Amino acid sequence: MPYQHVYGPVPSRRLGRSLGVNPIPFKTCNYSCVYCQLGRTSKMSHERKDWLDPEAIAGEVDRSMATQGEGIDFVTFVGEGEPALCKSLGWLIDRAKEAADVPVAVVTNGSLFYRDDVRDDMARADVVMPTVDAADQDIFQRINRPYGRLPVGDMIDGLVKFRDRYEGRLWAEVMLVAGVNDTEAALLDLGRALDRIRPDRVYVNAPI
């Protein structure tokens, strides 16, 4: 039976051999980032719900781990949209850990950490990788193009709260876009925000 929600494992510079898990339909997100390799968001939403059948996703993780678990370093919830929009994300992380003794990572845009339920779900993962591209609202709007007018300060405050209770590894990702968030003022603002969030690592990227 072909997989619909699970792919790989694929080689990752940060996570080794990573089994990807996609809990969100294609281009369902609350951002439409200018640099997204998948193009403009087609289903813009800020709603947390089970967009796909969580039992079907968990079943595919179980099947994949049973057949190739020894060659997997991480199970990674990343998707073709924002994984935190999946209401059952915490349950799926737990199920992935039950499937095999393999750490779980989540790659997220970081937008929903102001919510208690999202922080609770993310705390179950071993590695959380949020994107933090800006600390200034205007720059945030230009680069991430969020749903509605999501305050970037709420996102940053949520990540600070998460760091205060999270016992896993927090790896922040920054995408620098020429002429948008790469000025001295923008970088100083971003640096102050990252100082508050206190990630274990910061990965700085540039689109190509």
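Note that the coordinates shown come from a computational prediction; the quantities given were computed from them, not determined experimentally. One-based numbering along the sequence shown.
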Output yes when a side-chain donor or acceptor of [X] lies under 3.5 Å from a complementary backbone atom of [Y], and no otherwise.
| X | Y | result |
| --- | --- | --- |
| D121 | A84 | no |
| D73 | R17 | yes |
| Y166 | A125 | yes |
| R48 | C86 | yes |
| R201 | L170 | no |

With clusters defined by side-chain heavy atoms of hydrophobic residues (ILVMFWY) lying less than 4.5 Å apart, directly or transitively, does [Y] cluster with [X]?
| X | Y | answer |
| --- | --- | --- |
| I72 | V106 | yes |
| F77 | Y203 | no |
| I57 | Y7 | no |
| M122 | V61 | yes |
| W171 | L176 | no |

message: Using side-chain contact (heavy atoms from CB on, under 4.5 Å), reason through V34 and R142 one step at a time and then give a plain yes or no.
response: CA-CA 8 Å; V34 295; R142 287 178 62 197; over 6 Å; no

message: Let's go through K87 and D117 carefully: what are the C-alpha distance in whole Å and the side-chain angles of both, what is the deciding distance for salt bridge (Lys or Arg N to Asp or Glu O under 4.0 Å) to 0.1 Å, and is it a yes or a no?
response: CA-CA 9 Å; K87 186 177 180 181; D117 59 337; over 6 Å; no

- prompt: Taking atom types as modelled, is there a side-chain donor on D133 or Y35 under 3.5 Å from an acceptor on the other?
  reply: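 There is such a pair (donor and acceptor under 3.5 Å, judged by atom type) between the side chains of D133 and Y35.
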
Identify the two heavy atoms, one from [X] and one from [Y], that lie closest to each other, and give their separation to 0.1 Å.
| X | Y | value |
| --- | --- | --- |
| R149 | D138 | NH2-OD1, 4.1 Å |
| P23 | L92 | CB-CD1, 4.3 Å |
| P9 | G71 | CG-O, 4.3 Å |
| V152 | A134 | CG2-O, 3.4 Å |
| L150 | Y31 | CD2-CE1, 4.3 Å |
| I139 | A186 | CD1-CB, 3.6 Å |

- request: Please assess R198 against D164 for the test side-chain contact (heavy atoms from CB on, under 4.5 Å), listing each intermediate value before the final yes or no.
  value: CA-CA 9 Å; R198 308 189 318 278; D164 287 343; 3.4 Å; yes

Say you draw a straight line from [atom1] of [X] to [atom2] of [Y]; how long is it, rounded to the nearest 0.5 Å?
| X | Y | atom1 | atom2 | answer |
| --- | --- | --- | --- | --- |
| T76 | M129 | OG1 | CE | 8.0 Å |
| E55 | W91 | CD | CH2 | 4.0 Å |
| M155 | N109 | CE | CG | 8.0 Å |
| I143 | C33 | CD1 | SG | 7.5 Å |
| N22 | H5 | CG | NE2 | 8.5 Å |
| L190 | I197 | CG | CD1 | 8.0 Å |

message: Run the salt bridge (Lys or Arg N to Asp or Glu O under 4.0 Å) test on D120 and R165 for me, step by step, so that the C-alpha distance in whole Å, both residues' side-chain angles and the decisive distance to 0.1 Å come before the verdict.
response: CA-CA 10 Å; D120 289 344; R165 54 85 61 97; 3.2 Å; yes

field: salt bridge (Lys or Arg N to Asp or Glu O under 4.0 Å) between D116 and R119, intermediate numbers included
entry: CA-CA 5 Å; D116 292 341; R119 294 197 299 272; 2.3 Å; yes

Salt bridge present between R196 and D157 (N-O < 4.0 angstrom):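 So R196 pairs with D157 through a salt bridge.
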
task: Could you tell me whether R163 and D200 have a side-chain N and a carboxylate O separated by less than 4.0 Å?
output: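 Salt bridge present between R163 and D200.
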
message: Among residues at least two apart in sequence or on other chains, which ones pass ring-ring contact (aromatic ring centres under 6.0 Å, His included) with Y147?
response: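 Partners of Y147 under the ring-ring contact (aromatic ring centres under 6.0 Å, His included) test: H46.
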
Please list, one pair per line, the donor and acceptor atoms closer than 3.5 Å that link side chains of residues 95-104 to other protein atoms, with sequence neighbours excluded.
unit_1	atom_1	unit_2	atom_2	d
R95	NH2	D62	OD2	2.4
K97	NZ	R124	O	2.7

- request: Compare all side-chain heavy atoms of S45 with those of W51 and state whether any distance is below 4.5 angstrom.
  value: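 Result yes, sub-4.5 Å side-chain heavy-atom pair found.
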
query: Would a 4.5 Å heavy-atom cut-off, applied to side chains only, mark V107 and P83 as touching?
result: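 Contact flag for V107/P83 side chains = no.
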
task: Please collect all salt bridge (Lys or Arg N to Asp or Glu O under 4.0 Å) contacts where either partner lies in residues 178-191, sequence neighbours excluded, each pair once.
output: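 For residues 178-191: D189-R192.
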
task: Determine the sole option in T131, T108, N30 for which the side chain to side chain donor-acceptor pair (under 3.5 Å) test with E82 is passed.
output: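 With E82 as partner, T131, T108, N30 yield a single side chain to side chain donor-acceptor pair (under 3.5 Å), made by T108.
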
